[in-house]
Structures are given as C-alpha cells and as structure tokens.
Amino acid sequence: MSEKLMKVQRIEHGTVIDHILPGMAFDVLRVLGIPSDKTMSILLNSHSKKGGKKDILKIEDVELTAEEANRVALVSPHATINFIHGGEVVRKFNAEAPRVVRGILTCSNPNCISNQNEPVESEFTRGPDEGHRYVCTYCERDIVDLAKRIRW
Amino acid sequence: MKHVITVHDFSVAEILEVLDRAESMVEIARGRAVSDQLKGKILGCIFYEPSTRTRLSFETAMQRLGGSVIGFAGPEATSVVKGETLADTIRMVSGYADAIVLRHPREGAARLATQFSDKPVLNAGDGAGQHPTQTLLDLFTIRTETGSLQGLNISMVGDLRYGRTVHSLAIALAKLGNTINLVSPEGLEMPGEVVSYLEEAGKFGLACQSPEEIIGDTDILYVTRIQKERFPDQVEYEKVAGLYRVDADLVSRGREDMIIMHPLPRVNEIAPEVDDLPQARYFIQAFNGVPVRMALLSMLLGGS
C-alpha cells in the first residue's frame, strides 16, 4: 500500500467532500449533521493540486441528498461533492449555496423572535448579490460568519 | 395585500393606493361622516409593549368604520405571563377576531404571527424592526401637507440608528424620488445598509452632525427622539440632546414653507414654542394615523 493511499484511504460506498477550505472540515460535519457513530476520515490541511491547502472529508455508507450536500457551501463555498458506489465516483458536483436555509443556522440577532421559545424553525434567504449574504426571514437582518451560526 | 408586515412589501402603486384610500377616509376619521363598512367585524389589538398613538388610532380607526375591538394593552393580565408562546396567542386570537394588530418587543414577531393566523396581521412595531403603518402615515402627511410626494429635500434629525421609524421611511421616500439628508450625533448614525440603499438610488443628500447645516435647504425636517438610555452617562446625553433641540430660532433660519414632523412621543427635542408655528405638523401627523389605519383595515377586511 502506497503512502498516498495510507493518507487518504478510498471508500467503497459513501460521500467524499473535497476542496473544503483548510480548517473547516469540522464545520462541514456540523452543518451536515452527520451522526457521530458513522465511520469518517478527516484530512486537515492537505496539499491541494491547485495550490494551497484544503480539507477532505470521507463519510462511509452515507449518501447525502444533493440538498444536504449543498449545505456544505454555507461554510466552504468551493467544496466538491463526490458520491461513491463500489469504490467509483458515480456523481461529482460543486456544492452550491442554497437559496433558502431552514433550521440549520441561528440568527445572530439575540432579539430575533426565531431565537425565542417559539415553535418555528429559523429561516434565511440568500441575498441577491454574489457573496454569501443570508437574510433572516423574521427580523430581516443579515447574518455573517455562517460557521458560527450553525445550530448543531 | 394579505398582511401588513413591512413597508418594503409594498410597491409604489400599492403605497399610493393606501394613501388615496386614506384620503377618502379623512371626513369619517374626523367624525364628520359616518361609516359602517366594517360593521360586525372584530379587530384583535395585541400589544405586548406600551403604545399611545398606535393602539388608540387603530382602535379609533376600527370603531369609526363600525367595527369593534378586543385585545390587551400589556401582557401582565394574560396567559403570556404563564409562558404562553406568541404562536399560541396568535392562533387563539385569530379564532376570535377578523384581523390582528400586533406590537411585540422582538424583531420578526409579526412575520412569525402570519404563520399562525388565518386572518390578516398588521405589524404595529416589532422591537427595533419595522413599523409600516407609521411609515405610511408619514408618507400620507407629507403628501397632504406639501401636496407632493417626490422631489422633496427631507432632513432626518436625531437618533437615526435605533429609531425604528426612520429606516423604512428613508427607503420608501427614496423609492418615491426624494432626497434624504441625515443629521445625527456620532454613534447614532443611520445604519450602513440604509445609507448604501440611498446612495445606490442616487437619493443621498448629505450627512452632518448639526441641523443648522441643512435647515436652509430643507422641505421637511423629520425629527426623532434621542433616547437617554443610549448614552453611558447623563452629561453626554444632555450635551448631545441640546445640539439637536429644534426651537423657534432654528426654525426661523429655515424656509417658510418647510414643515416639521416627529413620530412622537417627543421629550425635549422640539421646544413647545414651535408647536404654534405654522411649520409644526406633528399633531396633524399623529391624527393621520387614523385615516391611514382605516384605509388598511378597510382594504384587508373588504370594506368599500
């Protein structure tokens, strides 16, 4: 077994998330809400062929829906999602920031009604600009630093 | 229009439709004509925070149109003190009433209420968030008192950061084609996103710290209260509040056809001597809450 395979061992079935911003792999796990009993490999600060560093996350026997996978873009906008079957990549796509995010993030405004004891999920809509600006449906404020706002 | 949550939900055409309807309500609002177009309808007024003008003018509006009012003016005597959620209170009141007026200390409360009510919800102020009926009555006042709603030079003075009425009013006025000047002490400036909107719309006049700098070129002086609690010490508050006091001397340096507005309550920011000057329109503005709210109730509840 080569040293390379030792570092990033391939999986038979599951999901590989590549090109995660360095240091963000644990935030990706949180935003996906993956149960802690799943077998996972996390590679931090790996050298990227494109230059610089990246994190890689391999989750065995978990196939995310495209909607779930796109949540990754909230904390790591240029990550790529690879679905693996029988050791082969059967689908690969770039995570795309969702237009609406429900329940995953909390509003950064402590006085927002969504942060009180009310029976509603938080809800944010992506702003019209290119950036990753999300606006709370309730208090209409922008939230910034999305990784810090992950509920799980 | 199903609910009235933020003025940003209104197109320019819808704003003008409300103002036109309000104009047709003035005689009824003054008690010179009688209407029973909302006879048999009930308005639920749920106020979790203190209010004088907003609550009383909503109640007056409903009663002038022949309807009746239920509700509370503070949560003390309700199940809210037992921990009832806003969602449950709204579900219940929407069963009793035909429309709900809500004031609540948390931002976004009115938007949440729309999810639990099958009746129209009107936002009467949600924390530091929106207060759309105030914006609409301000626009109505500007139109009736100046005869125009565009091409005006409007100077907003005072606490532009926390004053909940000025943010949406500035945006609505810019959308209608007016230029906005911003006069506020350091630390109480208009939030960046509102200034950016005004700049992008090409409707940002100038920002300064003294009303004297812009008074000569102002059509409408919109004064807001500087809240004592925003200042760490009393001395600092009094120093700032003194600079922003509108008195007869300041008014004399403005144009004769300038008008002065204030959402009220005022504390010391407008001297009582100004009340008798022809420029003072803030009590007319407070009255205008009635026809504007009548118009909204009539439109939401199917009046004619």
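Every chain is numbered from 1, with letters handed out A, B, ... down the list of sequences.
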Can you name the side chain to side chain contact (heavy atoms under 4.5 Å, CB included) partners of A:Asp61, sequence neighbours left out? A:His13
Is there any residue in residues 83-94 of chain A with a non-hydrogen atom under 4.5 Å from a non-hydrogen atom of chain B, and which ones are they? none
By side chain to side chain donor-acceptor pair (under 3.5 Å) - contacts of A:Ser36 (at least two apart): none
I'd like to verify something: which residue of B:Ala87, B:Ala110, B:Gly129, B:Gly83 has the highest number of heavy-atom pairs under 4.5 Å with chain A? B:Ala87
So between chain A and chain B, what donor-acceptor pairs come in under 3.5 Å?
| unit_1 | atom_1 | unit_2 | atom_2 | d |
| --- | --- | --- | --- | --- |
| A:Asn109 | ND2 | B:Glu107 | OE1 | 2.8 |
| A:Asn111 | O | B:Glu107 | N | 3.1 |
| A:Asn111 | OD1 | B:Arg106 | NH1 | 2.6 |
| A:Asn111 | ND2 | B:Pro105 | O | 2.9 |
| A:Asn111 | ND2 | B:Glu107 | OE2 | 2.8 |
| A:Ile113 | N | B:Glu107 | O | 2.8 |
| A:Gln116 | OE1 | B:Arg106 | NH2 | 3.4 |
| A:Glu118 | OE1 | B:Leu86 | N | 3.2 |
| A:Glu118 | OE1 | B:Ala87 | N | 3.0 |
| A:Glu118 | OE2 | B:Leu86 | N | 2.7 |
| A:Tyr138 | OH | B:Gln115 | OE1 | 3.1 |
| A:Tyr138 | OH | B:Gln115 | NE2 | 2.7 |
| A:Glu140 | OE2 | B:Arg111 | NH2 | 3.4 |
| A:Arg141 | NH2 | B:Glu107 | OE1 | 3.3 |

Does A:Glu12, at its CD atom, have more than 12 non-hydrogen atoms belonging to other residues, nucleotides or ligands within less than 6.0 Å? yes
